[in-house]
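To start, the structure under review is shown below, and the notes come after it.
Just so we're on the same page: letters track the sequence lines, and every chain starts at 1.
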Amino acid sequence: MIRISGLTKRFGALHVLRGLDLELGEGKVTAIVGPNGAGKTTLMKTVLGLTRSDGGEILIDGERVADDPRYRSNVGYMPQIARFPENLTAAELIAMMRDLRGNDAPVDGDLIERFKLSEHLRKPLRTLSGGTRQKVNAVLACLFRPSLLVLDEPTAGLDPVSSGILKDKIAEVRDSGRTVIVTSHVMSELDALADDIAFLVEGRVRYAGSVHDLKLATRQLSLERAIARVMVEDAVA
Amino acid sequence: MNTLNTTMSTSLPRATAKIVKYELRDVLRSRSLLAYTLFFLAVTDVLLRFGGGARAALSLMNVVLLLIPLVSIVFGTIYLYNAREFTELLLAQPVHRRQLFIGQYLGLALPLSAAFVVGLGIALSFHIGEDPEHLSTLLVVAASGLLLTCIFSAFAALIVARIDDKVKGIGVAIGLWLACTVVYDGLVMLGLMAFADYPLERAALGAMIANPIDLARVLILMRLDVSALMGYTGAVFEKFFGSAGGTALASLALVLWTGVPLLLGARRFQRKDF
């Protein structure tokens, strides 16, 4: 369970988060959507500890996200851009992450098999294609069975087959009772993937709740149209 | 969650060493680093083969004083800027920011130092015994090169921590190198000429200590018996750097030139938004 309350963040004159409140339930995939500059990335980075908030707090399983980095041993992160040290191999990268986490427990290498990555594990990362690096990125995020999985545009750069594999994996993570946060610009993708949605506008939550309820309230069949409906209503009001 | 936390806390102090281990592997395999090693091997070998003695040491000094700061600061900034996305991924792991910053710095400064020492060392081993008189001078040149690597890698880490824009950061790096190698000496010369009627030995001494490249140069020149060419200033320098206090102050200055940028960089890195 993640509870975010009164989160504020400024970048100079830019007020990105303006007292954002949000709750993310366990066993759910929550999509963070919103127009450009709404604060999606800043919200995710603040949860990860990459960006420091000016005010408010984030509680993960009742523990406050602060300077102590230990809470991140339960977090998996898949950044949008997969750029790794060029001369390391994927196998070394995996070893490095295990080392850093001091984690001797068996890792979840399930995606390595499903993506058929084994043959690429010993090659320097600079020789791998963008799509293959993105697969490595997904593997790293799921490796330690995190209780919170944060995915930034996870399927960007993946072919349809791999994209399907990753979505299946995300659904399995959800079904095992863990929390998933995902952003994407492809609404149809989120429609199929997300249980809940947090729609951000200008640094605040405009709508938070289940995708199903949003569609009912706006009387739309697709998430894309439901969101569009909310935006049009806002513009009229 | 709590069980994981306990296993984590035992390994956290070693996180820096772990980061260094993998960063080292990455940088040591880079082709540019191999080229850098071969360059020092070739230059040292050629200088010792065809020149030898004080002239070789002087030429090598000039190469070291010009090139090491340039390569350390430019290679360092480019490497760290390119690692930005990976830095974010590492920050999403259970590591302290300070551990990561120091790990990345060492992962940069250690291989650069090793490349220089290995290149120089191999060439020296070809000519060992040919000129024992100047061996100690060459060792001082090597030590200066190592210190300059540490100092200018620290500047690179500071620049990348402070400036988000890569192009601007690399510009500042080159500007800083130019300032330390060319502009600073020009200004000092102008100053010395403008106040030529006054006793300037102490001021000149201060000016040399205030710039790491000049300080390294003076430390090497003191070994070469060319201080006589510098007249009274040379005599003051020799007296100063010959004394225990002077050597200590010079060493302290070089350590500060590494420590202060690193400290400032670590402080910025600690508060930085990625």
Assess the residue pair A:Phe84 and B:Leu89 against the criterion (side-chain contact (heavy atoms from CB on, under 4.5 Å)); give the C-alpha distance rounded to whole Å, side-chain angles, the decisive distance to 0.1 Å, and a yes or no. CA-CA 9 Å; A:Phe84 307 117; B:Leu89 185 63; 3.7 Å; yes
Does atom NZ (A:Lys116) have a neighbourhood of more than 12 heavy atoms from anything else shown, all under 6.0 Å? no
B:Ala92 and A:Tyr77 have their tightest heavy-atom pair at CB-CD2, 3.6 Å
Could you list all the side chain to side chain donor-acceptor pair (under 3.5 Å) pairs where at least one residue sits in residues 154-168 of chain B, not counting sequence neighbours? B:Asn82-B:Lys166, B:Arg84-B:Asp164, B:Asp164-B:Lys272
Is it the side chain or the backbone of A:Met78 that comes within 4.5 Å of chain B heavy atoms, both, or neither? neither
One should read off an interatomic distance between A:Leu100 CG and B:Lys18 NZ, to the nearest 0.5 angstrom, of 6.5 Å
Would you check if the side chain of A:Arg72 reaches a backbone N or O of B:Val95 as a donor-acceptor pair within less than 3.5 Å? yes
Listing request: all side chain to side chain donor-acceptor pair (under 3.5 Å) pairs with a residue in residues 165-179 of chain A, at least two apart in sequence or in separate chains. A:Asp108-A:Lys169, A:Asp110-A:Lys169, A:Arg114-A:Glu172, A:Arg174-A:Asp195, A:Ser176-A:Arg178
Given a strict heavy-atom distance threshold of 4.5 Å, which part of B:Ala83 is in contact with chain A: side chain, backbone, both, or neither? neither
Select all residues of residues 44-56 of chain A having any heavy atom within less than 4.5 Å of some heavy atom of chain B, and report them by number, or 'none'. A:Lys45, A:Leu48, A:Gly49, A:Leu50, A:Thr51, A:Arg52
If I measure from the heavy atoms of chain B, does A:Leu140 come under 4.5 Å with its side chain, its backbone, both, or neither? side chain
Heavy-atom contact with chain B under 4.5 Å, split by part of A:Ala141: neither
Could you give all pairs that pass the salt bridge (Lys or Arg N to Asp or Glu O under 4.0 Å) test and reach residues 21-43 of chain B, with sequence neighbours left out? A:Glu92-B:Arg25, A:Glu92-B:Arg29, A:Asp99-B:Lys21
A:Pro79, part contacting chain B, at a heavy-atom distance under 4.5 Å: side chain
Greatest number of non-hydrogen atom pairs under 4.5 angstrom with chain B, of A:Pro124, A:Ala95, A:Ala82, falls to A:Ala95
Would you say CZ of A:Arg126 has more than 12 non-hydrogen atoms from neighbouring residues, nucleotides or ligands within 6.0 angstrom? yes
Interchain contact, B:Leu90 with chain A, by part (heavy-atom threshold 4.5 Å): side chain
Closest non-hydrogen atoms of B:Phe86 and A:Met96, given as atom of the first, atom of the second and distance, are CZ-SD, 3.8 Å
